[in-house]
Every structure is written in structure tokens, then in C-alpha cells.
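What follows is a set of notes on a single structure, which appears directly below.
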Amino acid sequence: MADRYNPQVIEPKWHQAWDASGLYATRRDRPGEKFYLLTMLPYPSGDLHIGHWYPMSPSDAVARYKRMRGYNVFYPIGFDAFGLPAENAAIKRGIHPYQWTMANIERMRGQLRRMGAMWAWDREAVSCDPRYYVWTQWFFRKLYDAGLAYRKYSPVDFCPKCNTTLAREQVQGDDRHCERCGTTVVKKELEQWYFRITNYADELLDFSTIDWPERIRTAQTNWIGRSEGAEVTFTSEAGDEILIFTTRPDTLWGATFMVLAPEHPLVEKLTTPEQRAAVTEYQLQASRQTEIERSSTEKEKTGVFIGAYAVNPVNDERIPIWIADYVMMTYGTGAIMAVPAHDDRDFAFALKFGLPIIPVIERTDEIAKSAVWDGSVGEEFAAALDAAGMAWEWLDIPERGKFYAVTLDGAEQTRSYAALLQAHLRPGHWGDIVGHAWQIVFADGPMTLTSADADRAIMARCHAGYEYTQQFRTTMEMWYATEWYRDVLYHSDYGTMINSGQFTGTPGDTAKADVTQWLEAEGIGKFAINYKLRDWLISRQRYWGTPIPMIYCPDCGVVPVPYEDLPVLLPPDAEIPPTGENALKFDEAFLHVKCPQCGNEDAQRETDTMDTFMCSSWYHYAYISPYWRAGETLGPDDMPWDVEAGDYWLPVDLYTGGPEHATMHLLYTRFFTKALRDMGIVSFDEPMLRQFNQGIILGPDGNRMSKSKGNVVAPDEWVERYGADTVRSYLMFIGPWDMGGPWNPQGIEGSRRFLERVWAVVLDPPQNPEEGGDVAEAERELRHVTHRTIHKVTEDIEAFKFNTLLSALMELNNYLMKARETVVYGTPAWDEALDALILMLAPETPHIAEELWQQRHGQGDFTPEQSVHVQPWPEYDPELAKADTITLVVQVNGKLRDKIEASADITEEEARALALASPLVQKWLEDKTIRKIIFAGGKLINIVVG
RNA sequence: GCCGAAGUGGCGGAAAGGUAGACGCGAUGGUCUCAAACACCAUUGGGGGUUGCCCCAUGUGGGUUCGAUUCCCACCUUCGGCACCA
């Protein structure tokens with residue numbers, strides 16, 4: 001009997017042997033292609049939980065697999081070591097952020113090594129090391145020199161608790177809270193540094209050269225938010241030009257008012273004295289708004305009329321100008337034309353404030369509705385509707401009574417209905433048609449809602465004729481009161497233009513382009529594109545980050561730190577103020593500096609540090625040659641890594657990580673590479689060719705793991721109990737890698753049992769061997785099973801389907817357990833099967849695979865050439881995988897009726913004969929005629945009877 | 001509201017348009033044991049039955065097909081992200 005499987009012994013043993021033999025040193029001498037596999041670098045928060053292992057175990061398996069396939073694999077790791085938690089820990093515990101971070105990194109290195117991953121530790125890079133951040137600063141300077149970094153005085157989101165500004169991506173939720181600590185952010189006016197990521201907006205929308213998950217591409221596309229439309233100049237009555245952006249120039253004729261953002265610069269000038277007080281009050285309220293925690297997501301529209309009017313340039317209509325907080329100063333031009341008939345926000349605003357709503361685009365479905373109140377027409381109306389084939393029903397509104405609710409389909413029917421209605425109306429009464437047409441039909445003829453003037457005329461007649469309508473300010477408001485109408489009152493279709501002067505009748509598919517062209521010809525407006533994407537705000541008012549290498553001189557102004565003076569070092573002895581304020585502001589030695597341009601002694605350093613996403617935008621380059629040229633003097637023409645090595649390894653072939661970075665890190669790093677390309681530093685357009693996002697491992701209760709829920713799974717204790725191989729394989733077995741799922745503390749037992757059984761199959765002799773049997777046949781069957789498994793496992797690992805990969809290996813092992821007791825034990829086919837099993841386990845469970853491989857093939861002292869992890873991946877032989885017999889599935893009308901063992905190369909003729917001969921099948925054919933027989937894929941036959 | 005993902009046994013989950021529930025967990029019964037644990041063997045979607053059988057079942061309702069968990073249409077639910085972007 002061999003020793004029992006004891007991971008506590010073999011795992012440390014192999015860690016040591018692998019390290020000592022240099023097995024995982026990065027090599028370029030293998031015959032195959034290079035493969036740069038990158039997994040998102042961890043933040044050293046202190047403890048690794050199982051959530052860190054979840055992305056890393058499968059990534060490591062892929063790296064190992066690729067190596068067995070002959071690739072030169074580069075699989076580096078490092079630490080994203082700047083950031084707020086270190087500073088907060090410093091305040092709380094009186095430890096310097098550097099010490100805190102380094103202690104955590106040391107602890108995590110140990111935990112990561114216990115996983116047995118094949119990381120290239122010789123290429124480790126830590127972003128808070130001055131030898132690292134000197135290059136982060138160098139990149140900042142290059143971006144500055146390229147005009148991609150600029151400083152702007154602007155209102156920014158500021159977290160009072162973290163004491164720093166946040167990028168737009170880092171502010172979340174309706175209450176606009178800080179991503180990190182949950183505190184509601186405030187607006188602050190500060191001088192801040194930005195990167196011009198917006199220069200690359202269009203290029204960032206192009207994913208054609210990279211294989212990234214759809215959800216990431218969609219998230220980035222939505223985030224960049226490109227819209228095409230037009231900029232159009234409206235003019236105030238006093239002659240001020242008000243520029244607006246619209247995606248719907250085809251709706252210009254329906255603009256019945258304008259809305260400016262409360263902070264729009266023209267508000268001051270345009271506001272009339274009578275409205276001044278109300279406007280100022282509203283502006284104040286709006287500016288405070290982000291500071292107030294909003295309790296509800298209901299966004300009731302608010303706004304104030306500023307007293308002034310503008311002229312709609314397409315039809316010379318005089319329209320009022322309002323301010324409202326639903327218009328953002330930061331998007332477009334900060335001013336809009338409001339087209340309430342075809343924009344839901346404008347529609348809600350107009351309804352609330354009684355502004356006219358004039359449809360200028362036809363519905364594409366041509367549906368119309370008409371409500372005719374009981375008594376407005378004679379009783380013969382119902383029969384007339386039926387005779388004309390018009391759909392109607394009686395509806396009853398308790399306070400208002402009954403009405404004929406007529407639904408009309410198409411222009412033709414709507415027209416004839418208008419005539420029919422008019423003919424049946426009693427004197428002094430009316431009925432409305434809404435949707436495809438917009439009319440009030442009176443006994444003496446219809447009035448149509450074609451303009452704001454028409455709206456006023458209609459209301460005047462209604463008010464005079466029927467007291468009930470006097471509560472309504474506009475025709476649309478009156479119609480809106482009938483609930484049954486609501487779904488046809490507003491739409492945003494691209495339909496045929498109506499009520500639009502010379503453009504009336506322009507079809508929806510060309511309307512936008514036609515109007516834009518005309519606007520340009522008339523000099524009223526021009527084609528324009530807008531993005532939601534804003535420039536990347538990188539300034540952080542914190543100590544623990546990369547100092548921004550800039551100097552402010554009383555004489556020269558903003559002066560960049562010369563390349564040769566880099567790095568600007570963080571003062572290691574800085575005192576972290578308990579308030580969380582930036583220690584650099586109080587560090588006299590850091591702060592005061594001589595101007596590098598004019599020598600003025602009163603210059604000051606920039607005290608802000610960079611967003612840590614700057615560090616992670618280029619870490620995959622740092623790994624190429626970590627701490628490159630440390631201590632040397634740098635210049636603008638240097639290369640930030642070993643070019644020869646970079647040319648070999650770059651770009652990243654596969655990037656694995658979480659999808660939560662979709663609009664931050666993954667967008668920034670693409671921008672960064674494109675900027676480097678334009679500087680001539682790299683020659684490719686995208687940093688990572690392929691990306692795969694894993695899911696989230698949940699707590700045993702199915703919830704996200706968090707300290708507050710008390711459901712965090714710590715890997716250390718599980719490794720102690722079961723070994724790293726069991727933890728690794730269980731994490732891969734739970735389910736599809738990209739789906740995540742709950743950690744089941746009982747489920748892991750199965751993974752451990754599986755490895756125990758592998759151990760037993762490989763090392764233990766038969767327990768109750770069977771006597772006799774056909775050896776050749778048994779070998780053929782075993783080879784069939786082995787090669788089918790190789791095929792399946794190879795396909796699965798290529799597709800990152802580790803759960804089904806492992807279940808295939810379990811099946812093979814289950815088969816071997818039974819086969820061990822037969823004559824096949826000890827045959828060449830048996831040995832081949834054991835080797836294949838071990839080789840296929842090597843990527844997922846590297847320690848047990850190494851141990852078993854060495855027990856079978858080891859020759860004394862371990863050398864890296866002998867390792868299971870450099871053996872070639874088993875070859876799949878399709879001939880051997882083929883089975884001799886199949887189970888022919890026989891269906892009658894698609895229902896399973898019999899299964900018949902048959903030769904694998906059975907012909908359709910033979911299959912028919914077999915199937916029809918089956919008594920189980922014949923039962924279902926009695927009294928029936930065979931209509932058709934389908935023979936599919938050599939494994940199924942379906943008899944169709946009727 | 002918009003975008004994305006997903007609904008299959010008691011649970012995690014399998015199924016190139018072709019035997020629904022692979023593999024594993026749990027459960028039940030058995031072997032071993034003084035006993036327990038481990039291990040091993042058997043059973044394990046629901047219902048019926050004449051027990052070498054049948055019916056029902058993949059969120060709901062339709063459709064395409066000889067055949068649908070898979071494709072199409074509509075809807076419901078859950079999770080994740082974005083959210084007044086003109």
C-alpha cells in the first residue's frame with residue numbers, strides 16, 4: 001500500500017523544489033510562440049480571501065496549460081500599492097502607510113505562494129516603489145508635453161470623509177456617494193489636473209481589433225455615450241445667441257420653449273427684473289442639490305421661467321426661456337430646445353408648467369384614439385361604428401361618465417372616422433382624435449393642433465363651450481386627463497414630419513439628415529457630435545500616491561519638473577494629519593522648491609498626487625522589466641522598459657479579471673496605450689488583445705462576501721484542512737467561471753474525495769482483481785475513454801470551462817477505478833490512461849500532479865526538465881476516441897421509444913430495419929402510417945407516423 | 001426607465017437543434033465495525049402502473065421544426081451595472 005494522499009506534506013515540498021529548481025523563471029527559449037497572460041493585480045489590503053483565489057486559480061491553470069502546449073508563457077504579478085486604505089490605517093493605528101503596505105504585501109506573497117501558482121516572481125512590480133513611480137511621473141510628463149494633461153479650475157466632486165476629489169466614475173448612486181466610504185460627496189471649486197481622454201473618444205469606441213466580452217464593450221460604449229445631432233443657434237429677443245445641441249433636429253418645429261442649465265452663463269444676462277428673485281433662489285437650490293441626500297428616486301421636474309423669450313430660428317415662434325436642473329451644464333452646450341411632444345422629460349416639464357405641446361412627428365404605427373362622451377352623439381353612433389368596421393368599447397370613468405372608446409388603425413380609417421364623427425355630433429358637442437391625428441371635431445368642423453397659436457385657439461373655444469375644461473391650460477393637458485389616451489400622446493419615433501413648414505411630409509428615415517443639411521445651408525446650425533465621456537480627473541488631495549511632478553512659480557506660473565529631476569519623492573518621514581488632510585501640504589521641505597526655469601526661490605510643488613488608476617494603466621508594461629533603469633537620470637526620449645523584451649512579450653494576449661472595472665481601469669488603460677502609441681512608445685493600438693471576466697464568488701448564503709455580513713471565507717483554514725489543490729479544484733468545479741456562485745462548505749468534500757481517488761487509482765494495486773477477460777477488447781475500450789476525455793478536456797480548457805473539464809476527469813477516474821479490478825490493469829493502455837490523467841490534472845492541481853508524476857517517472861534528483869509542468873500536453877487521437885458500438889436512439893414522433901446497441905458505422909438502411917424490428921417501436925406503429933423516417937448523425941432515428 | 005446576464009431536481013450545476021438532469025453535494029438503504037467516522041455498493045425530478053411500461057416536467061404563453069432547455073415573438077421574475085446625457 002502506498003502512502004495516503006497528504007497535501008500538507010507534498011504541497012510545501014513541491015513549492016520548495018519548484019523554487020529551488022527555477023522551474024517558473026520566465027523563459028523565451030522554447031520553440032513555441034509567446035503568451036502574455038495577465039491577471040488584474042491585487043491591492044494589498046492585508047488579507048487574501050477566497051475571492052482573490054477565484055480569479056487566480058483558473059488563470060494559473062491556463063498559464064500552465066499554455067506552457068504544456070509549448071508556449072513561452074509570461075505570467076507576472078505585482079501589487080497596486082498606493083491608495084487610501086493605507087493612509088486611513090496610518091491615521092487609525094499610527095503606522096506609516098509605507099510600513100503598513102509593505103507588511104501587507106509580504107503577507108499576501110506568502111498566501112499567494114501557497115496556492116502554488118506559477119507566477120514569475122522575478123518580474124514582480126510594486127507601484128509605490130520609487131523605482132516604479134518615477135516612471136508614472138515620467139508618463140505624466142510625456143502626457144503633459146503631448147498636450148494631453150491640463151489644469152483646470154472647476155467644480156469637482158469632493159468626498160469630505162476621504163478628503164479628496166473623485167473621478168466621475170467614483171461617484172455613485174442617487175445620493176451621489178463616494179465609491180469607497182459611502183459618504184455623500186460635495187461640490188468644490190479646485191484647480192485640478194485632467195487627462196484628455198476625450199480626444200480618443202471615437203477611437204475608444206472601436207473594439208474591432210480586440211476580443212473583449214460584450215458586456216464590457218457595451219458598458220464602455222454607453223459610458224462614452226456618443227450621440228450625433230446638430231448644434232443650432234437660437235436668439236433671444238435682445239439678440240443674444242443661445243447655442244443648443246439636439247439629437248433630433250427633425251423635431252425643431254416642435255420646440256415650444258427652451259431650458260438652460262441653472263449655472264448657464266447667459267442666465268444672469270437674460271433674466272428679467274421681475275423674475276430675478278425667483279431665478280436666484282432656484283440657482284441657489286440647484287447648487288446645493290448635490291449636497292442634500294435625496295430620499296427618493298422620483299425626479300419631479302422643477303424649474304423657473306426667467307422672463308425672457310427666444311426665437312425659434314426655423315419658424316420664428318416666440319418661445320419662453322426657463323432654467324431647470326434636468327439640463328446639465330456639463331453636457332452638450334448646457335442649453336436645450338424643449339420639444340415636449342417627442343421627449344419624455346420635456347413632456348413631463350411642459351405638462352407640469354402648462355407649456356404648449358405640439359406634435360411634429362407622426363406615429364409610425366398610425367394608431368389613433370378617440371373618446372366620444374355619452375350624449376355628445378346620438379345612440380345610432382354605435383351602429384355606425386360597427387358598420388364602418390371600427391373597433392370600439394364602452395369605458396366608464398366614475399366622476400365623468402361613459403364614453404365610446406374608439407381605436408383607429410391607419411390614416412384612411414382615421415380620416416373617414418373624422419367625417420363620421422362630425423356627422424353624428426349633436427350641436428355644441430365635440431369629440432377628439434389623438435395619436436395619428438390631433439384634432440377636436442366640432443359639429444361645424446375640426447380644429448387641428450398644428451401650432452402654439454392653434455393650441456390657444458382650441459383652448460379658447462373649449463373654455464367657452466364647456467366649463468369643465470377651464471382647469472386645463474393646454475390641449476395636451478386636457479387630453480392627458482383622460483387616462484385612456486395617455487399611451488398615444490407622446491412618442492419618440494423617427495416618423496414622418498408634420499406641422500413643420502416646408503419639411504412637412506419628410507419621411508422619418510431621411511428627416512434628420514435633410515434638416516441638418518438645410519440648417520447648415522441656412523447658417524442656423526451644423527452637424528455635431530457629443531459625448532458623455534469627460535476628461536479624466538487625476539488629482540487627489542492625498543499623501544499616499546504618486547506626486548504630480550509640477551511646480552508653481554510666482555514668475556513663470558506652471559512649470560513641469562524637468563525629466564532629469566525625476567522622481568519627485570514622497571517624503572518618507574511625513575506626518576499624516578489625523579484630519580485626513582494631505583500631509584504634503586504641511587511638509588515644508590517638500591513644498592518649497594526653486595523654480596527650475598527662473599530659479600525663483602519661492603516656487604512651490606504641486607501637493608496633489610495622482611489617481612491610482614494611473615499606476616494600473618501601465619503596470620503590464622512595468623512587468624516587462626521591473627524598476628527599469630532604477631537610479632539613472634531620465635530624459636524625454638528614454639524608453640520606459642527594456643525594448644527588446646517588450647517587443648517580444650507585448651501586447652498582453654489574455655487579460656483576466658473582474659468586470660467591475662469596465663468603465664474605469666479598462667477604459668483608462670486603453671486610453672493610456674493609445675496615447676503611448678501617438679508618442680511613438682508602442683506600435684500597437686490596444687494593450688490587451690483578449691479579455692475574460694470571471695464572476696463573483698459568493699458567501700455560503702448566496703450573498704456577496706463582506707465583513708459586515710460575516711460570510712467571508714478565508715482560504716488559509718481551508719488550505720490547512722484540504723490542501724491548496726482541493727481548494728483550487730473546488731473553486732473551478734463550482735460552476736462556469738464567468739458566472740461565479742456561492743461557496744458551499746460541504747461541496748469541497750467532493751473535490752477532496754476526487755483527489756483521494758486519483759491518488760488511489762494511480763498508486764494502489766487492485767483490491768479484488770477479476771480473473772480472465774478479453775485483454776485486447778478491454779484495452780481498446782480504455783483507450784476510447786482516455787482519448788475521448790483528452791478531447792473534451794482540451795476543448796474545455798481552451799474555452800475556460802473548468803467545471804465540465806473537472807467532471808470529465810472525474811468520469812475518467814471513476815472508469816479507471818473499475819478498470820483497475822480487470823485484466824486491463826497494468827497494460828500499456830492502462831499506463832497511457834494514468835499518464836494522461838496526471839497530465840490533464842497538472843494545470844488545475846499542480847502539486848498532486850507533480851507528486852504522482854514523479855512517483856511514476858521520477859529519476860532521483862528533481863530537475864525542471866522532469867517536472868510534469870513542462871511535459872507536452874497529451875495528444876488526442878480521433879481514431880482511438882472512436883467507439884465500436886453506439887446506442888441507437890429510436891424515436892416515434894420525436895418521443896424516445898427504444899435504445900438499440902448497434903455498430904458505430906451503421907447505415908441508414910440497417911438502422912431502419914433495426915428500429916422497425918423492435919417490438920417496443922412496433923407498439924407505436926399499429927394502425928398508423930409511416931410518413932417519414934429521419935436518420936440523424938448516425939446515432940438517432942425518428943419515425944414519423946400519422 | 002435604459003443596458004447586460006440569468007431562470008433546469010432538495011442544492012451547485014450538465015446537455016454541436018437529437019436519450020433532459022452528466023459530474024458533484026446532500027439524502028435514504030446496505031457492506032465493513034463492538035460502535036461511530038472513513039471507505040465502498042445501491043437508490044435518489046414528480047405521478048401512475050399490469051414494475052423488462054406509461055404520463056408529466058427545463059419561469060409563463062405562443063411560434064418554427066420530424067424533434068426545442070437550445071432558435072423566433074410576447075410576457076413574468078431575479079441579479080448586476082448605468083441613470084434627467086437633450
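Here is the naming used below: chain letters follow the sequence lines, and residue numbers restart at 1 for every chain. As the structure is a prediction and not an experimental result, all values here were calculated from the model.
- The side chain of A/K939 has B/rG18 as its nearest neighbour among B/rA39, B/rC53, B/rG18.
- For A/Q891 against B/rG18, a side-chain N or O and a base N or O form a donor-acceptor pair under 3.5 Å.
- Checking B/rA57 for Watson-Crick or G-U wobble geometry (two distances, each under 3.5 Å) identifies no partner in any strand.
- Across all strands shown, B/rC34 forms no Watson-Crick or G-U wobble pair with both key distances under 3.5 Å.
- Note on A/N530: nothing from the nucleic acid sits closer than 4.0 angstrom, heavy atoms only.
- The partner of B/rU77 is B/rA6, by the rule that a Watson-Crick or G-U pair needs both atom distances under 3.5 Å.
- A/M739 comes within contact range of the sugar-phosphate backbone alone, with a heavy-atom separation under 4.0 Å but no base atom that close.
- Closest contact between the side chain of A/R897 and the listed nucleotides B/rG18, B/rG24, B/rC55 involves B/rC55.
- Backbone-only engagement by A/W924 is indicated by non-hydrogen atom pairs under 4.0 Å involving sugar-phosphate atoms exclusively.
- Note on A/S227: only backbone sugar-phosphate atoms sit closer than 4.0 angstrom, heavy atoms only; bases stay farther off.
- Within the 4.0 Å cut-off from OP1 or OP2 of B/rC40, at least one side-chain nitrogen or oxygen of A/R757 is found.
- Between A/G332 and A/A936, the residue anchored closer to the 5' end of RNA chain B is A/A936, taking for each the nucleotide with the nearest heavy atom.
- Within the shown strands, nothing qualifies as a pairing partner of B/rU19 under the Watson-Crick or G-U definition with both distances less than 3.5 Å.
- The partner of B/rU44, taking Watson-Crick or G-U wobble pairs whose two distances both stay under 3.5 Å, is B/rG26.
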